[in-house]
Amino acid sequence: MANIRILNGEAFPVEMHKVRVIQKLNLPPVEERAKAVTLAGNNTFLLRNRDVFLDMLTDSGVNAMSDNQLSAMLRADDSYAGSETFFRLQESLDHVFQKEFFLPAHQGRACEHILAKTFVKKGSIVPMNYHFTTTKAHITELGGQVLEIPTKEAYKITSACPFKGNLDIEALKEALQKHAGRIPFVRLEAGTNLIGGQPLSLDNIKETYAVCKKAGVPLVLDASLLSDNLHFIKTREDKYKRLSILEITREIARHSDIIYFSARKLSSARGGGICTSNKDYYLLMRELVPMYEGFLTYGGMSVREMEAMAVGLVETMDENVISQGPEFIDYMTRQLAAAGVPVVTPGGGLGCHLDAKAFLPHIDQRQYPSGALAVALYIISGVRGMERGTLSEQRDENGNEPLADMELVRLAMPRRVFTMSQVKYAIDRIVWLHKNAGLVGGLTWDEEPRVLRFFYGRLLPVGDWQERLVEKFKQDFGDSL
Ligand code: F0G
């Protein structure tokens with residue numbers, strides 16, 4: 001990404017690609033947005049996309065593909081078993097990760113399902129830098145437990161720490177001793193999703209691997225958000241600045257026993273997979289692929305997705321390709337912070353994260369400030385973000401609701417999808433909302449599902465705050481949408 005400084009001194013990242021296919025967007029008027037979110041049960045997951053202007057819900061499966069990915073999709077070899085497409089994908093994975101075995105799966109959580117079913121049993125404890133929703137759900141469904149041991153910096157909203165995603169090595173050593181025999185694997189998540197897309201350092205991965213090896217416990221890397229993390233190692237970890245992205249990737253892979261990923265993120269495609277050089281692990285996991293996913297040479301994916309993944313993985317090894325997301329996020333984060341809006345710093349990968357606790361300090365965590373902020377932002381801008389706070393947690397077996405460590409609204413930056421003027425629009429509306437934050441109220445459950453409740457749960461506003469917010473918006477913006 002070219003970082004360009006213009007005459008007036010302003011600096012911003014400039015896209016190193018051009019747009020050749022477009023999708024028309026719709027920005028419904030504010031009253032219609034308020035109606036749409038009511039119909040959606042005050043849950044941004046349940047909005048219809050036609051009512052959304054900028055979809056910053058996720059970067060999953062919505063990244064723009066390259067011309068080379070699209071053309072590769074046309075030459076896919078569609079056969080149930082032994083397709084050439086599979087071997088092209090295997091070759092591409094071997095090029096980047098240099099692992100001997102590859103198991104295809106239809107997406108990241110399917111890999112987690114296979115991993116959990118293979119390794120986790122009742123009483124298992126899985127230490128990790130931080131959980132992801134679907135990871136935790138698979139482990140706890142099998143009677144296991146997640147043990148989060150990130151660095152202390154991880155929980156600081158504002159920080160100068162370049163690697164807030166790191167695992168606390170001392171805490172890991174303690175856990176391995178204390179829970180010896182109960183730890184089936186240690187999990188590291190690149191670009192920690194739930195704490196602001198914050199990266200791991202290569203040194204931390206190496207140290208974790210050394211400790212795991214000594215204890216005889218495999219290290220599993222969730223590489224779904226690896227591409228952003230690679231950019232951060234290259235630009236923030238001085239020791240490794242001279243390594244190419246490919247060399248950094250291979251170093252990471254050399255220091256993990258199993259790598260799995262969602263190709264909806266990594267490689268800007270769809271699908272997922274598990275790589276390892278350990279034959280025993282491979283054979284154990286292999287049994288489950290035909291049972292839950294599909295035959296071993298497609299694993300539930302369409303061959304077109306696999307071709308796009310094969311090309312996308314190789315393209316991920318180009319710094320100019322992977323820097324666009326993090327640099328747009330960095331721009332958005334800095335602009336918001338400069339305007340006094342509470343955001344997670346430093347900017348991470350995946351998206352820009354608003355700190356809902358500080359944004360809406362008057363809303364009790366039991367009335368879901370992150371959920372309320374996501375809803376309010378949609379109403380006043382048509383920008384769809386995602387709640388990453390207490391709603392994204394799950395009740396324990398006694399029905400108690402854990403309060404999230406952080407109350408965030410994630411504004412994902414799907415790769416190569418948005419332009420700078422769209423990002424500027426989102427920044428402007430967020431700044432307006434921050435000035436009018438006192439108008440926003442909380443949410444309460446209408447229908448609460450048992451697992452992964454944030455996906456399809458329905459909520460109601462506490463009081464008439466949404467009507468008042470719409471009125472104030474109309475006062476300030478007049479006819480403007
Ligand atoms: N691991 C991480 C770190 C993820 O971010 C995700 C998905 C998964 C695993 C599961 O992969 O969706 O392909 O099944 N994250 C998406 C998101 C859902 O919006 O952040 P999947």
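Both ligands and their constituent atoms are indexed starting at 1 by order of listing. Since this is a predicted model, take the numbers as computed values, not measurements.
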With nothing but distance in play, are any N or O atoms of R410 less than 3.5 Å from an N or O of ligand 1? yes
Note: Q107, heavy atoms under 4.0 Å from ligand 1, region reported as both
For this session: Output yes when the distance from some N or O of ligand 1 to some N or O of N193 is under 3.5 Å, and no in every other case.
Result: yes
Among K265, R388, E112, closest by heavy atom to atom 9 (C) of ligand 1 is E112
Check: If you measure from the Lys or Arg side-chain nitrogens to the Asp or Glu carboxylate oxygens, is any gap between D257 and K99 under 4.0 Å?
Finding: no
heavy-atom search around atom 1 (N) of ligand 1 in the protein gives D222 OD2, 2.6 Å
Per-atom filter on ligand 1: closer than 4.0 angstrom to a heavy atom of T58 are 17 (C), 19 (O)
If we number the atoms of ligand 1 from 1 as shown, the ones under 4.0 Å from a heavy atom of T134 are 10 (C)
Interatomic distance, CG@D228 vs CD@Q324, rounded to 0.5 Å, equals 10.0 Å
query = Any salt bridge between R453 and E393, counting N to O under 4.0 Å?
reply = no
Is E448 close to R395 at the side-chain level, that is, under 4.5 Å between some pair of heavy atoms? yes
So for H113 against ligand 1, with non-hydrogen atoms under 4.0 Å, the contacting part is neither
One finds that the ligand 1 atoms under 4.0 Å from a non-hydrogen atom of R264 are 13 (O)
Margin query: If the threshold is 4.0 Å, N to carboxylate O, is there a salt bridge linking D168 and K152?
Written below: yes
Could you tell me whether D222 and R187 have a side-chain N and a carboxylate O separated by less than 4.0 Å? yes
Of T135, T276, I114, the one forming a side-chain contact (heavy atoms from CB on, under 4.5 Å) with Y260 is T135
Looking only at protein heavy atoms, what sits closest to atom 18 (C) of ligand 1 is R109 NH2, 3.7 Å
Short N or O distance, E189 and ligand 1, threshold 3.5 Å exclusive:
no
For atom 6 (C) of ligand 1, the closest protein heavy atom turns out to be F132 CE2, 3.3 Å
- request: Please confirm whether A110 comes within less than 3.5 Å of ligand 1 when only nitrogen or oxygen atoms on both sides are compared.
  value: no
message = Taking the basic N atoms (NZ, or NE/NH1/NH2) and the acidic carboxylate oxygens, is any pair closer than 4.0 Å for E153 and K156?
response = yes
**Prompt:** Salt-bridged, R450 to E141, with N to O below 4.0 Å?
**Reply:** yes
* Asked: Can you find an N/O atom of S262 closer than 3.5 Å to an N/O atom of ligand 1?
  -> yes
